[in-house]
Amino acid sequence: MKPVKLTMCAFGPYADQVEVPMADFGDRGLYLITGDTGAGKTTIFDAITFALFGEASGPNRESSMLRSHFASPEAKTLVRLEFLYRGQLYQVERNPRYERPKKSGSGTTVEAPNATLTMPGGRVVTGNTAVTEAVKEIIGIDRNQFSQIAMIAQGDFLKLLLATTEERGKIFRRVFNTGIYQQFQSEIKNRTSQLKDEYEDLRKSILQYALGVACPENHPVYGELAKMQ
């Protein structure tokens with residue numbers, strides 16, 4: 001998954017619309033987001049993760065906390081992300097749950113969370129849950145795996161390093177789509193066990209008949225029969 005363009009509106013510390021044209025960064029496939037403490041680095045991580053999965057990049061930030069405290073009351077909080085996957089362009093737009101002034105009358109109302117995903121062929125998926133499931137199906141990983149391997153926030157790389165062998169295996173199998181080889185290995189193992197059982201059954205059957213054969217001790221096959229017993 002390669003982010004192409006990120007748009008944030010009334011999101012995090014950004015009161016107005018902010019665009020990050022990641023396509024201008026080049027085609028090397030690796031982006032480094034750096035800056036002073038408080039410069040807004042984590043917000044970019046949050047915006048990308050939120051657009052894809054409806055959650056912030058860190059475990060301590062709920063999606064309802066993502067609306068900017070500096071935004072004007074009428075500003076709509078949303079994130080729009082254009083990304084490439086296997087040469088196909090996708091666009092996902094999502095807004096969190098937040099409180100806003102009523103369009104008529106006084107008081108406030110709650111803006112419900114929503115999301116839309118525009119597929120390469122023009123088909124549109126709508127709804128928070130439906131979009132999240134569609135994104136996971138497209139890129140093959142969920143939010144936790146994404147934060148560990150595709151977009152590593154401060155300190156999160158350690159989580160991957162300290163993961164168990166089984167956990168890392170699951171992650172990399174989904175990322176590199178190697179599950180088919182695990183299935184092949186499992187099938188070979190099962191087939192080997194099946195053939196071994198068939199061999200043992202045949203051996204026991206032959207042995208049963210062989211043990212019923214009687215011959216003099218000086219016969220050439222006597223020694224072989226003795227070994228089988």
Side-chain angles (χ1 to χ4, degrees), residues 1-26 31-85 88-120 122-136 138-139 142-143 146-147 150-154:
M1 194 285 290
K2 179 180 180 181
V4 175
K5 183 179 180 180
L6 175 66
T7 302
M8 298 171 285
C9 299
F11 186 88
Y14 304 115
D16 301 316
Q17 178 170 304
V18 176
E19 293 184 354
V20 184
M22 295 181 173
D24 295 346
F25 298 164
Y31 302 142
L32 172 64
I33 300 175
T34 184
D36 296 334
T37 300
K41 302 185 297 297
T42 301
T43 301
I44 296 176
F45 285 102
D46 282 341
I48 294 175
T49 309
F50 174 72
L52 294 173
F53 303 105
E55 299 179 63
S57 62
N60 300 320
R61 295 183 296 282
E62 299 291 335
S63 59
S64 59
M65 301 166 55
L66 298 177
R67 176 170 172 82
S68 175
H69 296 296
F70 310 105
S72 59
E74 64 275 5
K76 183 175 181 178
T77 297
L78 64 85
V79 172
R80 185 183 306 112
L81 175 67
E82 296 177 23
F83 66 92
L84 286 170
Y85 185 75
Q88 299 290 314
L89 182 64
Y90 298 81
Q91 178 178 287
V92 59
E93 181 175 312
R94 198 188 295 259
N95 69 270
R97 175 187 178 90
Y98 65 92
E99 192 175 278
R100 62 167 176 80
K102 292 182 178 179
K103 295 181 179 179
S104 60
S106 59
T108 60
T109 186
V110 174
E111 184 76 19
N114 197 16
T116 60
L117 172 64
T118 304
M119 310 288 275
R123 183 171 69 90
V124 178
V125 180
T126 60
N128 243 3
T129 301
V131 168
T132 300
E133 291 303 314
V135 168
K136 289 193 290 187
I138 291 167
I139 65 178
D142 59 24
R143 178 259 186 195
F146 179 79
S147 65
M151 188 191 62
I152 305 173
Q154 301 177 75

Next item on the list: Would you sort out whether Phe146 and Ile48 count as a side-chain contact (heavy atoms from CB on, under 4.5 Å), showing the intermediate values?
Entry: CA-CA 10 Å; Phe146 179 79; Ile48 294 175; 4.0 Å; yes
Checklist line | For Phe11, the option from Asn95, Asp46, Asp16 that meets side chain to side chain contact (heavy atoms under 4.5 Å, CB included) | finding: Asp46
Notebook entry, point to check: Among Val131, Thr116, Asn114, Thr7, which one satisfies side chain to side chain contact (heavy atoms under 4.5 Å, CB included) with Glu93?
Noted result: Thr116
For [X] and [Y], work out which heavy atoms get closest and say how close.
X: Val92; Y: Ala51; result: CG2-O, 3.2 Å
X: Tyr85; Y: Ile138; result: CE2-O, 3.0 Å
X: Pro73; Y: Arg67; result: O-NH2, 3.7 Å
X: Leu117; Y: Ala134; result: CD2-CB, 3.7 Å
X: Val79; Y: Ala47; result: CG1-O, 3.4 Å
X: Pro3; Y: Leu81; result: CB-CD1, 4.0 Å

Next item on the list: Start with the C-alpha gap between Thr77 and Leu66, add the side-chain angles, then the distance that decides, and say whether side-chain contact (heavy atoms from CB on, under 4.5 Å) holds.
Entry: CA-CA 8 Å; Thr77 297; Leu66 298 177; 5.6 Å; no
Interatomic distance, [X] atom [atom1] to [Y] atom [atom2] [nearest 0.5 angstrom]:
X: Thr108; Y: Tyr98; atom1: OG1; atom2: OH; value: 12.5 Å
X: Gln17; Y: Leu78; atom1: CD; atom2: CG; value: 7.5 Å
X: Lys5; Y: Glu19; atom1: NZ; atom2: CD; value: 4.0 Å
X: Glu55; Y: Asp142; atom1: CD; atom2: CG; value: 9.0 Å

Notebook entry, point to check: Of Glu133, Arg94, Arg97, which is the lone residue that meets side-chain hydrogen bond (donor to acceptor under 3.5 Å, both in side chains) with Asn128?
Noted result: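 One option only clears the test, and that one is Arg94.
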Item checked: Trace of the side-chain contact (heavy atoms from CB on, under 4.5 Å) decision for Met119 with Tyr90 -> CA-CA 5 Å; Met119 310 288 275; Tyr90 298 81; 4.0 Å; yes
Next item on the list: Taking the side chain as every heavy atom from C-beta outward, state whether Thr109 and Glu99 have any atom pair closer than 4.5 Å.
Entry: no
Item checked: Backbone of Gly12 reached by a side-chain donor or acceptor of Ser68 within 3.5 Å -> yes
Note to self: Checking Met8 against Val20 for the side-chain contact (heavy atoms from CB on, under 4.5 Å) test, could you report, in this order, the C-alpha distance in whole Å, the side-chain angles of both residues, the deciding distance, and whether it holds?
What the structure shows: CA-CA 8 Å; Met8 298 171 285; Val20 184; 4.1 Å; yes
